[in-house]
> 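Right, I'll just put the structure down here and ask away after.
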Amino acid sequence: MEKKENIVMFPFMAQGHIIPFLALALEIQKKRGCTITFVNTPLNIKKLRSSLPPNTSIRLVEIPFNSSDHGLPPNTENTNALPYPLIFRFIEASLSLKLPFRKLISELIAEQNGHLPLCLVVDMFFGWSVEIAHEFGVSHAIFVGGGGFGMACYYSLWTNMPHLGADSDEFTLPDFPEASKIHVTQLPENLRLADGNDPFAVFLKKVFPEWLNSDGLLVNTVGELDKIGLMYFRRKIGRPVWPVGPVLLSMENHAGAGKVPGITPDPCNKWLDSKPLNSVLYICFGSQNTISESQMMQLATALEVSGKYFIWVVRPPTGFDINSEFKAEEWLPQGFEQRIQDQKRGLLVHKWAPQVEILSHKSISAFLSHCGWNSVLEALSHGVPIIGWPMAADQFSNVVLLEKEVGVCVEVARGPRCEVKHEDIVKKIELVMNDTEKGKEMRRKAHEVRDIIKDAIRDEEGFKGSSMKAMDEFFSAALSRREKTKLEQENKIMPLT
Ligand SMILES: O=c1ccn([C@@H]2O[C@H](COP(=O)(O)OP(=O)(O)O[C@H]3O[C@H](CO)[C@@H](O)[C@H](O)[C@H]3O)[C@@H](O)[C@H]2O)c(=O)[nH]1
């Protein structure tokens, strides 16, 4: 591979999207010697500057975006600044980035005296950029930050909306019969309420078919663990699908990419150091989800009843501004915070915890998670079994994959509104954390999966893991595409006689 090939990367403006893109950028830069042009809106770029190592060759480039033009609060450039109902307006508003992105690519090529970037790697919501890539003869790939199975179900559900015509609460996916039956409670709420004419459905029905014109999909997953979902996309898209995961941020870069630092790594680490091996439950619902007030009460009660050690990332419950102050005396049982502090039983982290660092600590026994795919990969890379509480998007299907296929998860509840009883939560916590047959089996499998993941990203003499091979294939495809463009351009200038 020649040095200084340039790859343009453009994630959607949300932490769950920016984080895996940044991880991929750092990996490509480090292992492939490429330069990266990382595109995003000004406020996100500003924040990213502090996440990058000082000697990085990643070039951060701003693309203009004015949220007020789209009926959004001023200076809104990331989903983490938005209440849930406005997130869809924000996603729709991202369509306005098409023209400025075209301009940016055109200027970039001019600046390089016509030398083309190797590839545009863009977000799953930016299928519209295929047109731009191909106009300039540049290779195009969509980087899917979710897993194969979860995203396959998500893609199929939004494309087909099979629940609309179903006469029972369970249904199969017409173009993905290999996925198990889906129950209506496993649909994200926005999909359950959608009739096909609502803005998000209209948006996805436009964006998803555009994937078919891309030159391939890069998926943040491990081929060995996610076969059915990858098979779905190969069949559906008819293009190469490269499972190159897990691409994860290192701890140092993660801290910078995170949002409001709720707590520095040190206090969590120190606290974890004081606990026995395999004894702590870590609870977090990702970067943009939270649970309801009554669910919060039940979860807190369950934690006290179970008597387990825990770290819990708390955010205001649904219906309250997720970025406002957390009111423990209002939303948790009376005296809860004081009691757990006195007993040294639990740590409440407000808003944002150093998750990767926590999951890598030897005292962690299990992770109660919403099963966003980054969290899943982070847990499994450290051999941590999962108690799943999916909230939205692909998370319901991620739980199915992890529970039914991989065997490293049990589901405890579904969605931000379902009724949960603390007794049921306690049962699941004990099942996973105690020395039950199921718990032992899950831990064994989680360790097995950790080793599979390690192998997938190994690149040593005599051994190349599956994700490394997939990355090689992606690079060869991009290089061939550019060779083809070059030949076409030469032939245009000097037509063959
Ligand atoms: O206190 C926190 C909370 C989160 N994180 C990090 O933030 C990321 C969160 O990502 P993820 O677990 O994937 O959750 P979401 O932010 O909810 O992710 C969105 O993007 C994912 C990948 O596409 C999808 O699987 C999810 O459904 C979608 O909600 C992870 O890297 C976490 O380590 C922290 O470091 N500290």
> Under 3.5 Å, is there a donor-acceptor pair between the side chain of W158 and the main chain of L191?
no

> Within a radius of less than 6.0 Å around CD of E325, do more than 12 heavy atoms belonging to other residues, nucleotides or ligands occur?
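No, not enclosed.
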
> For L24 and F143, what are the C-alpha separation, side-chain angles and deciding distance, and is it a side chain to side chain contact (heavy atoms under 4.5 Å, CB included)?
CA-CA 9 Å; L24 183 65; F143 177 44; 3.9 Å; yes

> Is any side-chain heavy atom of T485 closer than 4.5 Å to a side-chain heavy atom of S139?
no

> State which residues pass side chain to side chain contact (heavy atoms under 4.5 Å, CB included) with P162; sequence neighbours excluded, sorted by chain then number.
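With sequence neighbours excluded, P162 shows a side chain to side chain contact (heavy atoms under 4.5 Å, CB included) to L157, N160, F171, L173, P174, given in chain and number order.
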
> Quick one: CD on E405 to CG on L225, what's the gap to the nearest 0.5 Å?
10.5 Å

> Side-chain contact test, heavy atoms from C-beta onward, threshold under 4.5 Å: evaluate it for D215 versus H134 and give yes or no.
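Of all side-chain heavy-atom pairs linking H134 with D215, at least one is under 4.5 Å.
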
> Kindly indicate, with the supporting measurements, whether the criterion side chain to side chain contact (heavy atoms under 4.5 Å, CB included) is fulfilled by L118 and L479.
CA-CA 7 Å; L118 187 58; L479 280 165; 3.7 Å; yes

> Please confirm whether the backbone N or O of E378 pairs with a side-chain atom of H382, one donor and one acceptor, at under 3.5 Å?
yes

> Quick one: does V207's side chain get under 4.5 Å of F126's, heavy atoms only?
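SC-SC contact between V207 and F126 ruled out.
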
> Kindly write out the residues that satisfy salt bridge (charged side-chain N to carboxylate O under 4.0 Å, His left out) with R414, not counting sequence neighbours, or none if the list is empty.
E411

> Is a side-chain donor or acceptor of W373 paired with a backbone partner of N220 at a separation under 3.5 angstrom?
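It does hold such a pair.
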
> To check you understand the geometry: which heavy-atom pair defines the closest contact between C153 and S397, and what is its length?
CB-OG, 3.2 Å

> A side-chain contact here means heavy atoms from C-beta on lying under 4.5 Å apart; do T221 and V144 qualify?
no

> Answer yes or no: is there a side-chain heavy-atom contact under 4.5 Å between I457 and V222?
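A side-chain contact is absent here, since even the closest heavy-atom pair is not under 4.5 Å.
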
> Which residues satisfy the ring-ring contact (aromatic ring centres under 6.0 Å, His included) test with W389, sequence neighbours excluded?
F285

> When you measure from the side chain of R450 to the backbone N and O of S381, does any donor-acceptor pair fall under 3.5 Å?
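No, the answer is negative, given that no donor and acceptor are paired below the 3.5 Å cut-off.
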
> How would you list all residue pairs meeting side-chain hydrogen bond (donor to acceptor under 3.5 Å, both in side chains) that involve residues 122-133, not counting sequence neighbours?
H17-D123, K98-E131, S129-H140

> Give a yes or no answer on whether the side chain of Q186 reaches the backbone of I182 with a donor-acceptor pair at less than 3.5 Å.
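Pair absent, no side-chain N/O of Q186 close to backbone of I182.
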
> Before you tell me yes or no, could you show the steps for K351 and F326 under side chain to side chain contact (heavy atoms under 4.5 Å, CB included), namely the whole-Å CA-CA distance, both residues' side-chain angles and the distance that decides it to 0.1 Å?
CA-CA 8 Å; K351 289 193 179 96; F326 186 81; over 6 Å; no

> Roughly how far, to the nearest 0.5 Å, is the CG atom of L26 from the CD1 atom of I58?
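The distance works out to 4.0 Å.
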
> Listing request: all salt bridge (charged side-chain N to carboxylate O under 4.0 Å, His left out) pairs with a residue in residues 69-91, at least two apart in sequence or in separate chains.
none

> Would you name the heavy atoms of P243 and R234 that are closest together and state the gap between them?
CD-NH2, 3.8 Å

> Whether the side chain of S106 engages the backbone of R102 through a donor-acceptor N/O pair (distance < 3.5 Å, no angle test) should be reported.
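Judged by distance alone, no pair lies under 3.5 Å.
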
> Among Q15, Q288, K47, find the residue that satisfies the side-chain hydrogen bond (donor to acceptor under 3.5 Å, both in side chains) test when tested with N78.
Q15

> Quick one: sort the F88 and F200 rings into parallel, tilted or perpendicular, breaks at 30° and 60°.
tilted

> Can you sort out the partners of R239 under salt bridge (charged side-chain N to carboxylate O under 4.0 Å, His left out), two or more places apart, ordered by chain and number?
none

> By salt bridge (charged side-chain N to carboxylate O under 4.0 Å, His left out), which residues pair with E189, not counting sequence neighbours?
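Testing E189 for salt bridge (charged side-chain N to carboxylate O under 4.0 Å, His left out), a comparison that skips the adjacent residues, returns R417.
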
> Just checking, is any N or O donor in the side chain of T37 or N6 under 3.5 Å from an acceptor N or O on the other one?
yes

> Which heavy atom in E224 sits nearest to a heavy atom in I452, and how many Å separate them?
CB-CG2, 3.9 Å

> Can you tell if the side chain of I63 reaches within under 4.5 Å of the side chain of N40, non-hydrogen atoms only?
no

> Is there side-chain contact between S287 and N80, with at least one heavy-atom pair below 4.5 Å?
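No. Closest side-chain heavy atoms not under 4.5 Å.
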
> Looking at F233 and G148, what are the two nearest heavy atoms and their distance?
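Heavy-atom minimum between the residues: CE1-O, 3.8 Å.
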
> Taking side chain to side chain contact (heavy atoms under 4.5 Å, CB included) as the definition, give me every residue that meets it alongside L212, ordered by chain and number, with sequence neighbours left out.
Y155, I237

> After noting the C-alpha distance and the side-chain angles of I142 and V122, does the key distance pass the side chain to side chain contact (heavy atoms under 4.5 Å, CB included) rule?
CA-CA 5 Å; I142 289 170; V122 303; 4.1 Å; yes

> Hey, could you give me the CG/CG distance between L43 and L48, rounded to the nearest 0.5 Å?
11.0 Å

> Taking Q29 for its side chain and S57 for its backbone only, find out whether a donor-acceptor pair lies under 3.5 Å.
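The answer is yes, because a donor-acceptor pair under 3.5 Å joins these two groups.
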
> Please collect all salt bridge (charged side-chain N to carboxylate O under 4.0 Å, His left out) contacts where either partner lies in residues 196-205, sequence neighbours excluded, each pair once.
none

> Okay, side chain of D459, backbone of M468: is any donor-acceptor separation there less than 3.5 Å?
no

> How about F12 and F90: are their ring centroids closer than 6.0 Å?
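Yes, they do, as the ring centres are separated by less than 6.0 Å.
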
> Angle class for the F176/F149 ring planes (parallel below 30°, perpendicular above 60°, tilted otherwise)?
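Judged by the thresholds at 30° and 60°, the geometry between F176 and F149 is tilted.
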
> Only pairs at least two apart or in different chains count here, so list each salt bridge (charged side-chain N to carboxylate O under 4.0 Å, His left out) that has a residue in residues 470-480.
R32-D472, K464-D472

> Considering only heavy atoms from C-beta outward, does the side chain of I109 approach that of L116 to under 4.5 Å?
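Result yes, sub-4.5 Å side-chain heavy-atom pair found.
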
> With rounding to the nearest 0.5 angstrom, report the NZ to CG distance, K103 to L108.
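Spacing of NZ (K103) from CG (L108) equals 12.5 Å.
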
> Within this structure, what is the CD1-SG distance for the pair I358 and C268, rounded to the nearest 0.5 Å?
4.0 Å

> Keeping the roles fixed (side chain from S480, backbone from S476), state whether a donor-acceptor pair exists under 3.5 Å.
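Pair found, side chain donor or acceptor close to backbone of S476.
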
> What are the two closest heavy atoms between I322 and R315, and how far apart are they?
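Closest approach of I322 to R315, heavy atoms only: CG1-CD, 4.0 Å.
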
> As an exercise, state the distance from CG of N75 to OG of S68, rounded to the nearest 0.5 Å.
7.0 Å

> Mind listing the closest non-hydrogen atom pair of S369 and G372 along with its distance?
OG-N, 4.5 Å

> Mark yes or no for whether S50, through its side chain, and K46, through its backbone, hold a donor-acceptor pair below 3.5 Å.
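Not confirmed, S50 side chain does not pair with K46 backbone.
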
> What is the ring orientation for F38 with F21, classed by angle as parallel under 30°, tilted 30 to 60°, or perpendicular over 60°?
perpendicular

> With sequence neighbours left out, write down each residue that passes salt bridge (charged side-chain N to carboxylate O under 4.0 Å, His left out) with K486, or none if nothing qualifies.
E483

> Only counting residues at least two apart or in another chain, list the ones meeting side chain to side chain contact (heavy atoms under 4.5 Å, CB included) with S67.
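Checked S67 against side chain to side chain contact (heavy atoms under 4.5 Å, CB included); matches are F65, L72, T76.
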
